[in-house]
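The structure appears right after this line, and notes come after that.
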Amino acid sequence: MAEEKKEKIVVRYPPSPTGPLHIGNIRTFLFNFLFAKKNEGKIILRFEDTDKERSDEKFAKIALADLKELGLTYDEGPFYQSGRTDRYREVIEELIKEGKAYEAEENAAKTGRVVRIKNPGGDIVFNDIIKGEIKIDVSQYGDFVIARSKDDPLYHLTVVVDDFDFGVTHVIRGEDHITSTPRQILIAQAIETPTLKYAHLPLIVGQDGKKLSKRHGAVTYEEFKKQGILPEALLNYLALLGWSAKNDKEFFTLSELISEFDLEKVNNSPAKFDYEKLYAINRQHLLKLSEDKFILLLQEFLPEKLKSFLSLRPDFVQNVFYAEMRERISKFSDISAMFERGEFNFLFEAGEYEEGSLIWKKSDKEKTVEHLKKTLELFEKLPDEFNPKEVKDILWPYAQEHGAGDVLWPVRYALTGAKRSPDPFTVASLLGKKESKERIKKALAKLES
RNA sequence: GGCCCCUUCGUCUAGCGGUCUAGGACGCUGCCCUCUCACGGCAGAAACACGGGUUCGAGUCCCGUAGGGGUCACCA
């Protein structure tokens, strides 16, 4: 059967190294990446650094490192436009020779004369994969400048030349580029290159509907990393901004995204970035992490005081702590926030409290004293270090018999001195036998004084 | 302001003319679980911007209005 040969898809991701990569850039890379992988095409990375004033190599380095950590790979590059001035000059000379461009006034830097393209005017129409047909009258742009001088090309020109030279087939970028598309098409027509397919992605905006920026909160990968957001979670969430799967599915690994992504299903209205939703997605990814990986990553966010407390505990007790954390956080930085809020104070001291706080609802002082004494007695059966299940096993039957609240509330309160904390079994396990007993004795002394 | 794009719950979205008394998720509220908190389970409140068409029938198509956004560099 004469099957039509499928065009090899080539996309590109062209950041300008003038600042750190932000969410919008990463989302654009992601969609290019997913589209390429999904269609067995390739993705090219190139740095658009023709603006010597603003470009800085350090930003390119950061971008490369970020992409690597995010697991976003590319098939070719990185290329740097600053290394291709000869080729651009060649195109400019050719354009001038053919009368399609011309040298005009002296440039601002007084290093030569600017080159303008001859703009025939009229409508340029292109069919955007996401937006549909877009028609723009290019007369409004006049004979726009395509180079500061023959050796100093500008963005619109270099984009078109590079896309052609590298065989790019699809341009997927933010919709803030829609109005520059006709100018690029004009240049493409002048140098007689094939027409590309365009897909303009809806923008990611802040809660106020304006372009996402610093004042909206974290916007760079670095900042999300500091919050303890997993790369795969960030990517997962970003994919959901403007795109959705058929079956209401929202949790995706990168490879799942690749197989389920569909550029045609990208919608066309701007999406507001919602940190809460990101955190919720991140929590799901946290839950999928292996125990070892979770612990390893969590370590980075552990406050020193907590770290040294844990280092004095047996491994299995440390694991009790980690398991507890996995249940309570949605991003790693939550642990430092919890620490600052004093939620771990119980690990270091029992805290001050009124004796009345020790008594559960309708229980009374007498019963509470009795339960605490019994608890102390039962604790004797425990080894010095134990896991939550071991304490639960010895305390539970007694608690059931005398009222779980009546027994357990005072124990937990004596242990923590806090109205809110993990359950008493976990707390006792974390503290160990000796410390637990001391705190209960202290509570008894308070009640009996 | 010119040009361009956009408009379903607070937010991200499903919906591609009848199956929509509009579905899911985050958040929110309530209940359950439970010794507290968190987790988890269940339930609930919550949206088709407005006005005209087209059609037997419109969230879904067309046109206007309003609102929002983008872009108008010798930046990318």
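Numbers restart at 1 for each chain; the letters A, B, ... are given by sequence-line order, proteins then strands.
Distance noted for atom C1' between B:rG52 and B:rC31: 47 Å (whole Å). Across the C1' atoms, B:rA49 and B:rA58 are found 16 Å apart, a figure rounded to whole Å. For the P atom pair drawn from B:rG51 and B:rU60, the interatomic distance equals 13 Å after rounding to whole Å. Taking the C1' atoms as reference points, B:rG53 lies 42 Å from B:rU29, given to the whole Å. Going from the C1' atom of B:rC16 to that of B:rG70 covers 26 Å, rounded to whole Å.
The aromatic rings of A:Trp360 and A:Trp409 are tilted relative to each other, their planes meeting at an angle between 30° and 60°. By the 30° and 60° cut-offs, the orientation of the rings of A:Tyr198 relative to A:His200 is parallel. Ring geometry, A:Phe339 versus A:Phe348: the interplanar angle exceeds 60°, so the pair is classed perpendicular (tilted spans 30 to 60°).
At the heavy-atom level, A:Phe425 lies under 4.0 Å from base atoms of the strands shown. A:Leu278 comes within 4.0 angstrom of no nucleic acid atom, judged by non-hydrogen atoms across all strands. Across all strands shown, A:Gln284 has no heavy atoms under 4.0 Å from either base or sugar-phosphate atoms. Residue-level contact check: A:Lys361 touches neither bases nor backbone, having no heavy atom under 4.0 Å from any strand. The residue A:Lys272 sits close only to the backbone: its heavy atoms come under 4.0 Å of sugar-phosphate atoms, none of a base. Using a 4.0 Å heavy-atom cutoff across all strands shown, A:Lys265 reaches sugar-phosphate atoms only and no base atom. Residue A:Pro424 is classed as a base contact, given a heavy-atom separation below 4.0 Å to a base.
Nucleotide B:rC3 forms a Watson-Crick or G-U wobble pair with B:rG70, both donor-acceptor distances falling under 3.5 Å.
Separating the CG atom of A:Asp176 from the P atom of B:rC3 is a distance of 20 Å, rounded to the nearest angstrom.
Between the side chain of A:Arg54 and the base of B:rC75, a donor-acceptor pair under 3.5 Å is found.
Because its NZ or CZ atom is both nearer than 6.0 Å to the ring centre of A:Phe309 and within 45° of the ring axis, A:Arg313 counts as a cation-pi partner of that residue. Cation-pi geometry between A:Lys288 and A:Phe251 is met: the NZ or CZ atom falls under 6.0 Å from the ring centre, inside 45° of the normal.
Taking the six-membered ring for Trp, A:Tyr74 and A:Phe79 have ring centres at least 6.0 Å apart.
A heavy-atom distance below 4.0 Å to RNA chain B is reached by these residues of residues 240-250 of chain A, ordered by number: A:Leu240, A:Leu241, A:Gly242, A:Ser244, A:Asp248, A:Glu250.
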